[in-house]
Trainee: 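Please find one structure pasted underneath; my questions will follow.
In listed order, ligands and their atoms are each counted from 1.
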Amino acid sequence: MIFLEFAELCSRLEKISGRLETISILAETISSLSEDDLPHFCRLILGKPFPEWSGKKLGVGPNLLYEAVAYVTGRKREEVIDRLSRVGDAGAAVEELLSQKSQTSFFTVELTLADIMAALIEISGMEGGRSQKEKVRVIQRILSSASPLEGHYITAILLEDFRIGVGEGNLRDAIAQALSVDPGLVEYANQVRNDIGEVAVLARKGEEALRQVRLVPFHPVRMMLARQGTISGVLEEGDPVAVEYKYDGARFQFHKQNKTCRMYSRRLEEVTSAMPDVVALLDEALPDDIIVDGEVIAVQNGHPMPFQTVLRRFRRKHNIAEAADAITMIPNLFDILYYHQEMLIDLPFRERRNILTQVASKYVTPQLISDDETEIEAYYHTALDAGHEGVMLKVLGSRYTPGVRGKDWVKIKPEADTLDLVVTGAEWGEGKRAHVFGSFLLSVRDDDRLVPISRVATGFSDEQLSWLFDTLKDDVIRKEGKMVFFLSRLVFEIGYSEIQKSPNYEGGYALRFPRFIEVREDKDLKEANTAEDVEERYIQTHRSLNS
Ligand code: AMP
């Protein structure tokens, strides 16, 4: 596929809002792609050149891009930054800058999708001291051959800021439509393989190929997620449920095969070398050829410590042994996904749990099975008294559904009034905080758009504000008076007293008394709350206030 064709398609899709039309345009393109282009296309159209499980990253921040764009367009870096601030969208700004340049350029090489992928792979492989310079050189090379429209989407891919309104669901349905397979099977295969590019290739082979997908060690799948709920709500279904402590630590997936162990975080980053103590414990407690799911907590004097303690260890690159000596980390295992060449995710939870207790010699999460509200409530209070976050209720007959936040796992915890929101902007502070950002603009997800819902200025310590400034300062893509806007990466957990209807924000809702609780570094944008969640909570509270 010629990359210009891809860019034109993106531009066309961006202007469409109808789901069916998006799917049909995508399906038409998918059926015309070559075998080689198909997987690349499916990944790139979601703005994610590499499968999530692969751990490959581009690591291109706005600064690198400014440098490359300045070089290619023959402008000063400041001019580029200024243009970006005025246009607001980095892709659109690069398109504009390139279009002014192309009037005077005589020669461009035709780029293909494969050329762009090769360049992205090259960038992702660059590490070490000189890598920044080398990355700039590769970006310069592709941007020099790019037309303005191509430059627009290359920029969006490089900055991981690709929002053309094609979600995973639309792409899944388009693959199904184009290749005449059941969308449910495409979804299933994608849960197992965690790579829509590979799944599209299987779909072209037919439904049987999709049914045959298997989990294998060292190819992590997304974690199954939980919904918020109430004990009585879950018991309404009439069946006994499994009740487990909800540990306040960090989620992990542990894989072991041929005596090699690897541990992955909730975002599927490999954390094996940061957690040698936990890996050693699990290696000893588990047999070979296995994938398990759990939560690791930090413990001091028998009491759980805040979950940031564990996250800090996940991020640690130096003095790991000392850190491991200082705080005890304990893994808690609550699920098994694969054992001895067999994929277990389609078995009911009750059976997976039996296998887990048989094969793991230690660390299996205690469990109560009950349909008695009073008994479950007592268990919940025991969990809170022991310093845990609450309990998880799990449907005994449920499959393990990677990446799905369904009704099969329900979390019960005291503070329900928090939301996970994406930080999309900030305003400079005042007085002694004038050198850092003092308040932040927060947004909810609405499909692949981010819609502002609140600002937060309370709950931060000075250390947190300077950490936030250091973390976010290079992500600024637009300035407007005292406000700056970010390429959005961080998720804040925000407490609030009430959700109100408000004309001040585009989404129609605002938070009353928002306060900062945590940076949720373990969550990525996909896991932030949605506009729909906010509306649902608003309706729920108003219903209970009126009843
Ligand atoms: P939340 O992060 O509030 O969406 O709650 C879901 C998270 O709770 C999961 O992703 C796990 O990291 C964590 N968790 C703690 N204990 C358990 C448990 N027993 N079963 C499943 N998840 C648990």
Trainee: Are side-chain N/O atoms of Arg399 and Tyr188 paired as donor and acceptor at under 3.5 Å?
Mentor: no

Trainee: Quick one: list whatever passes salt bridge (Lys or Arg N to Asp or Glu O under 4.0 Å) with Glu269, sequence neighbours left out.
Mentor: Lys57

Trainee: Using a strict 4.0 Å threshold on nitrogen-to-oxygen distance, state whether Asp195 and Arg43 make a salt bridge.
Mentor: yes

Trainee: Quickly, which of Arg266, Arg520, Arg445 forms a salt bridge (charged side-chain N to carboxylate O under 4.0 Å, His left out) with Glu527? Name it, please.
Mentor: Arg266

Trainee: Scan for side-chain hydrogen bond (donor to acceptor under 3.5 Å, both in side chains) pairs involving residues 401-412, sequence neighbours excluded, and state none if there are none.
Mentor: none

Trainee: How would you list, by chain and number, every residue that makes a salt bridge (Lys or Arg N to Asp or Glu O under 4.0 Å) with Asp289, sequence neighbours excluded?
Mentor: none

Trainee: Using a 4.0 Å cut-off on heavy atoms, what residues surround ligand 1? Order them by chain and number.
Mentor: Glu244, Tyr245, Lys246, Tyr247, Arg251, Arg266, Glu295, Phe334, Met392, Lys394, Arg405, Trp409, Lys411, Lys413, Arg520, Lys523

